[in-house]
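Worksheet: one structure, shown below.
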Amino acid sequence: MHNIKDIRNNSNLFKESLKKRFIDIDINEILKLDENNRKLIQEKESLESEKKQISKSKNKELFKKSKIISEKIDSIEIKQKKLKASLDTILSSLPNIPLNDVPVGKDESSNVEVSKSGTIPNFNFKPKSHFELGEKLNMLDFELATKTTGSRFVFVKDKLALLERAISNFMIEVHVNQNGYQEISPPLIASESTMYGTGQLPKFENDQFEIKFDEKTDRKFLIPTAEVILTNMGKNKIFHQEELPLRLVASTPCFRKEAGSYGKDTKGMIRQHQFYKVELVSIVEQENCLSELDRMTNCATKILDMLKLPYRKIILSSGDMGFSAEKTFDIEVWLPSENKYREISSCSSCGTFQARRMKARYKNKNKDTFFVGTLNGSGLAVGRTLIAILENYQESDGSIKIPDALKPYMNNLDKIVKK
RNA sequence: GGAGAGAUGGCUGAGCGGUUGAAAGCACCGGUCUUGAAAACCGGCAAAGGGGCAACUCUUUCCUGGGUUCGAAUCCCAGUCUCUCCGCCA
């Protein structure tokens, strides 16, 4: 959520900045709503002040007048609330503004490669796709999932299920023991206001799985990423400065409708309605967002280094970034079957954008309150890591070597072979 | 599913129609004392929004939404959430 005061003071800059996101706003409409809103507030407050005086005076002669004032206040308040609501509706669906070093561009074609790491494997045979490998091993079963559930789901079986669990455990261990994150096992369902806090609502409702709960309670949603629930741990909270930075890690299933990606990655488990992801979240003092973003990105790439998977780091263009982000690094892992890099992690700084929505703040020593900065990143997507291992560690007979780093998590198994 | 109890500032917790934005304690900040620290003592310390260059000032907020009243944290109604006990259950 943007600060209306900032918009008021720098309306042109605000309008121009949003153009980087290819959004053209009617700034005059916003300013007009804001102005009228404040006018009504002033009217209301002066009446309230008058009413308060009367009530304090306990002068019976004036009581009648007070009653009339109350009616006026009510009618102004109705107008004012309506106005404020339409202003909020507009503001809450505007994305965060990209930082200055973010490349401007409409989509992923404008993303810029920052660095490359690892060696791309050289096969003396034609490398197979992860789904070929998995199906040949009888350890990935897409048809079975179609039968029980529907498309874009998968059964992972036997040693691949073990591998999936090992990946998750390995990543968490590294983030907890080496990177200073605190492990969390959170709820996988979030309330409407929680979804609003991180920016999934109101604009992206179509991407979310809503749960049919008790009619009476708040709307509930399956989390599309642990970012939602971890970041919202700071919702409506005022942190002590010493509590920051707060670094959290969770391995959770994520649920996404993937509306609008029909026909994209239909084969295999690249794009599923349900997948595991190890998520990193940092809550920091605002001025530390950028250093924390670098730190977080390094925590993610460290996993790939340890797994000896080749990857590259890119900075997302303004048009490709998520709604709440001000700057995003994607990490892409090499997939031999596609002969290209594919996203395996996305690390974003959201500045105070989410904090404003959530009302997540901290107090410094002078008792000043500030909004916190929030960051999130995958460390890493477990399903896609599984894919990357299958493809990069495959052998000509279709068996899969186990990366050294994972062996301790797999009873020292060193190869997955067909039974 | 049945029966109760509750929701107040960063935290704990009083208040149950008017000088209560809210006692007290903790935490935190400043000061006195001390070589330094601790202890003790003194003082300060909510958030959001509006107006003002500023000093400052006004309004709102005691779970949420309605109602009663000149006036509500306090009374009434509805809702949400939390806790305890019983039942059921991973």
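As the structure is a computational prediction, the values presented were derived from the model and not from experiment. Naming: A, B, ... by sequence-line order, numbering from 1 per chain.
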Nearest-angstrom distance, [atom1] atom, [N] to [M]:
N	M	atom1	result
C16(B)	A22(B)	C1'	13 Å
A47(B)	C11(B)	C1'	16 Å
A38(B)	A46(B)	C1'	30 Å
C70(B)	G52(B)	C1'	32 Å
C83(B)	G44(B)	C1'	36 Å
U74(B)	A14(B)	C1'	13 Å
C28(B)	U34(B)	C1'	22 Å
G25(B)	A40(B)	P	12 Å

For the side chain of [X], counting heavy atoms from C-beta on, which of [options] is nearest?
X	options	answer
Ser70(A)	C58(B), G71(B), A47(B)	G71(B)
Lys81(A)	G66(B), U60(B), G51(B)	G66(B)
Ser55(A)	G50(B), A47(B), C70(B)	C70(B)
His240(A)	G50(B), G10(B), A48(B)	G10(B)
Phe63(A)	C70(B), U59(B), G18(B)	C70(B)
Glu48(A)	C58(B), U60(B), U69(B)	U60(B)

* Going by distance alone, is a donor N or O of one side chain under 3.5 Å from an acceptor N or O of the other, for Lys39(A) and Gln80(A)? -> no
* To do: Determine whether the side chains of Asp330(A) and Ser346(A) contain a donor N or O and an acceptor N or O closer than 3.5 Å.
  => yes
For the pair [X] and [Y], find out whether any cationic side-chain nitrogen is under 4.0 Å from an anionic carboxylate oxygen.
X	Y	answer
Glu258(A)	Lys264(A)	no
Lys418(A)	Asp397(A)	no
Glu35(A)	Lys32(A)	no

Does the structure show a Watson-Crick or G-U wobble partner for [N], both distances under 3.5 Å? Name it, or say none.
N	answer
C16(B)	none
A7(B)	U80(B)
U32(B)	A40(B)
G1(B)	C86(B)
U59(B)	A48(B)
A72(B)	none

Taking 4.0 Å as the cut-off, does a side-chain nitrogen or oxygen of [X] come that near to OP1 or OP2 on [N]?
X	N	answer
Lys51(A)	U59(B)	no
Ser49(A)	U59(B)	yes
Arg38(A)	G51(B)	yes

Using a heavy-atom cut-off of 4.0 Å across all strands, would you classify [X] as base, sugar-phosphate, or nothing?
X	result
Thr369(A)	sugar-phosphate
Lys64(A)	nothing
Ser66(A)	sugar-phosphate
Ile54(A)	nothing
Lys5(A)	sugar-phosphate
Arg8(A)	sugar-phosphate
Lys44(A)	nothing

Check: [X] ring centroid to [Y] ring centroid under 6.0 Å:
X	Y	result
Phe371(A)	Tyr362(A)	no
Phe221(A)	Phe209(A)	no
Phe255(A)	His273(A)	no

d([atom1], [X]; [atom2], [N]) in whole Å:
X	N	atom1	atom2	result
Ile41(A)	A48(B)	CD1	C1'	11 Å
Lys237(A)	A46(B)	NZ	P	19 Å
Asp6(A)	G49(B)	CG	C1'	15 Å
Phe239(A)	C28(B)	CZ	C1'	17 Å
Asn59(A)	G71(B)	CG	P	14 Å
Glu71(A)	U69(B)	CD	P	11 Å
Glu77(A)	G67(B)	CD	P	10 Å
Ile238(A)	C45(B)	CD1	P	16 Å

* Quiz item: Glu45(A) side-chain donor-acceptor pair to G49(B) base, under 3.5 Å -> yes
* Asked: Which comes earlier along RNA chain B counting from the 5' end, the contact point of Asp74(A) or that of Lys67(A), where each point is its nearest nucleotide?
  -> Asp74(A)
* Of Asp34(A) and Arg361(A), whose closest RNA chain B nucleotide lies nearer the 5' terminus? -> Arg361(A)
* Structure fact -> Shortest non-hydrogen pair, Glu135(A) vs Leu140(A), comes out as CG-O, 3.5 Å
